[in-house]
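Only heavy atoms go into these numbers, but all of them, side chains included; no hydrogens, no water, no symmetry mates. Counting convention: from 1, in listed order, for ligands and their atoms alike.
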Amino acid sequence: MNTVMEKMRATVFRGVNDIRVEEVARPRPGVGEAVIRVTLTTICGTDLHIVRGEYPVKPGLIIGHEPVGVVEQQGAGVTGYEIGDRVLVGAITPCGQCHACLSGHLSQCGHGQGYEAIGGWRFGNTINGAQAEYLLVPSAQANMASIPDGLTDEQVVLLSDIASTGFGGAESGGIRIGDSVVVFAQGSIGLCATAGAKLMGAALIIAVDGYENRLAMARRMGADVVLDYRQVDVVAEVKRVTGGGADVSIEALGTQQTFENALRSLRPGGTLSSLGVYSGKLQIPYDALAAGLGDNQIVTTLCPGGKERMRRLMEVVRSHRVDFTPLLTHTVSIDEITEGYRIFGGQLDGVLKVAVKP
Ligand SMILES: NC(=O)c1ccc[n+]([C@@H]2O[C@H](COP(=O)([O-])OP(=O)(O)OC[C@H]3O[C@@H](n4cnc5c(N)ncnc54)[C@H](O)[C@@H]3O)[C@@H](O)[C@H]2O)c1
Ligand SMILES: [Zn+2]
Ligand SMILES: [Zn+2]
């Protein structure tokens with residue numbers, strides 16, 4: 001193999017507000033690992049937190065965590081795949097062998113040992129990520145999900161993270177057929193939570209945001225009522241529309257205000273399902289929790305990953321239960337990725353998600 005072949009283009013985090021597309025060494029798979037040639041990926045809100053220095057990662061790291069690609073090389077011990085197979089890999093890559101994984105908490109994977117908080121999230125966090133021409137997939141056997149014939153890269157790329165997370169919020173909320181559900185924020189995560197609430201059988205879905213295009217998309221994803229938090233008293237409106245409070249509220253932004261509104265919008269005994277990433281101090285007001293006696297539940301979810309999760313989500317798309325391709329509003333090449341970050345970060349030009357074709 002010549003040296004030219006061993007290089008690749010990749011998006012490297014160099015420091016706060018400093019990402020560069022660089023020529024770097026191409027990864028090689030070790031035992032249990034595989035290398036995929038990335039054919040499509042995207043930029044996540046969490047990547048913005050990283051670039052802005054709000055979530056620390058090591059300078060020199062390749063970022064991005066939403067890969068679709070083809071198997072290029074496999075290490076020893078990876079079976080059941082052929083070179084050239086199209087695969088979707090979750091943003092979260094559990095080892096499938098530790099206490100956390102074997103207890104069903106794949107996102108809190110301890111990498112062969114016990115539990116590690118957020119341990120399942122490795123791409124673009126603790127190991128090199130997907131905004132590159134090639135990607136090393138750890139625990140490849142547990143994480144490469146073969147893409148069924150007939151599904152395009154665009155149809156599956158958002159399943160890796162935002163759809164798995166949004167659906168996870170609806171599932172963790174324990175939505176039951178006939179429930180009323182309110183979803184706070186209709187960014188990409190909230191939109192997927194809205195779609196998830198619909199799939200779970202909610203009879204009334206209320207979506208909250210401040211952007212008209214996002215509220216319009218929320219309707220497309222299944223919302224029955226949309227509320228502009230800039231225009232109305234959201235909590236009062238949710239109580240009115242639901243006749244006393246929602247069965248389940250989903251928080252998909254990560255601020256004190258939306259967390260509190262999500263709690264205050266519940267009926268007694270309701271469940272708050274939290275997806276947002278918080279910083280600083282998060283406080284729970286005693287009155288909204290009925291002094292701790294309101295029989296409420298508060299649950300949190302990190303994006304579920306692993307190949308079985310990806311397989312299920314692809315079945316949802318394949319059976320036409322949901323279509324997330326309208327969320328891909330922009331497409332850039334790897335060399336244009338900083339422009340993609342500018343548009344996505346500035347919420348310019350009606351952007352929802354930016355597809356990146358390495
Ligand atoms: N739990 C997980 O596994 C996981 C995975 C990925 C991202 N996240 C987190 O989810 C959150 C949302 O991510 P995203 O990419 O969808 O964000 P985003 O920036 O795309 O969307 C945020 C939305 O919130 C709306 N908003 C702002 N203030 C509001 C308010 N007061 N009430 C209602 N809506 C309001 C904005 O108009 C915008 O549409 C972030 O905290 C992100 O870090 C969590
Ligand atoms: Zn993400
Ligand atoms: Zn594990």
Subject >> SG (C95) to the Zn ion (ligand 3) to SG (C101) angle, given to the nearest 10 degrees >> reply: 120°
Subject >> Atom indices of ligand 1, in the order listed, that fall short of 4.0 Å to a heavy atom of T46 >> reply: 6 (C), 7 (C), 43 (O)
Original post:
For ligand 1, which atoms, with element, lie under 4.0 Å from some heavy atom of T258?
Top reply: 30 (C), 31 (N), 32 (N)
Original post:
Quick check: does C109 put an N/O/S atom under 2.8 Å from the Zn ion (ligand 3)?
Top reply: yes
Original post:
For C303, is at least one N or O under 3.5 Å away from an N or O on ligand 1?
Top reply: yes
Original post:
Does some non-hydrogen atom of the protein lie less than 4.0 angstrom from atom 15 (O) of ligand 1?
Top reply: yes
Original post:
If you measure every N/O of V277 against every N/O of ligand 1, is any gap under 3.5 Å?
Top reply: yes
Subject >> Sub-3.5 Å N/O-N/O distance, R214 and ligand 1 >> reply: yes
Subject >> Backbone or side-chain N or O of A252 under 3.5 Å from ligand 1 N or O >> reply: no
Original post:
So, is F184 polar-close to ligand 1, with some N/O to N/O distance under 3.5 Å?
Top reply: no
Original post:
Under 4.0 Å from any heavy atom of D161, which atoms of ligand 1 are there?
Top reply: 5 (C), 6 (C)
Original post:
Do any nitrogen or oxygen atoms of L302 come within less than 3.5 Å of a nitrogen or oxygen of ligand 1?
Top reply: no
**OP:** Please could you name the atoms of ligand 1 that Y211 approaches to less than 4.0 Å, counting only its heavy atoms?
**Re:** 37 (O)
Original post:
Which of the atoms in ligand 1, numbered in the order shown and given with their element, are less than 4.0 Å from a heavy-atom of Q257?
Top reply: 31 (N)
Original post:
Going by the atom numbers of ligand 1, which of them fall below 4.0 Å from some non-hydrogen atom of H49?
Top reply: 43 (O)
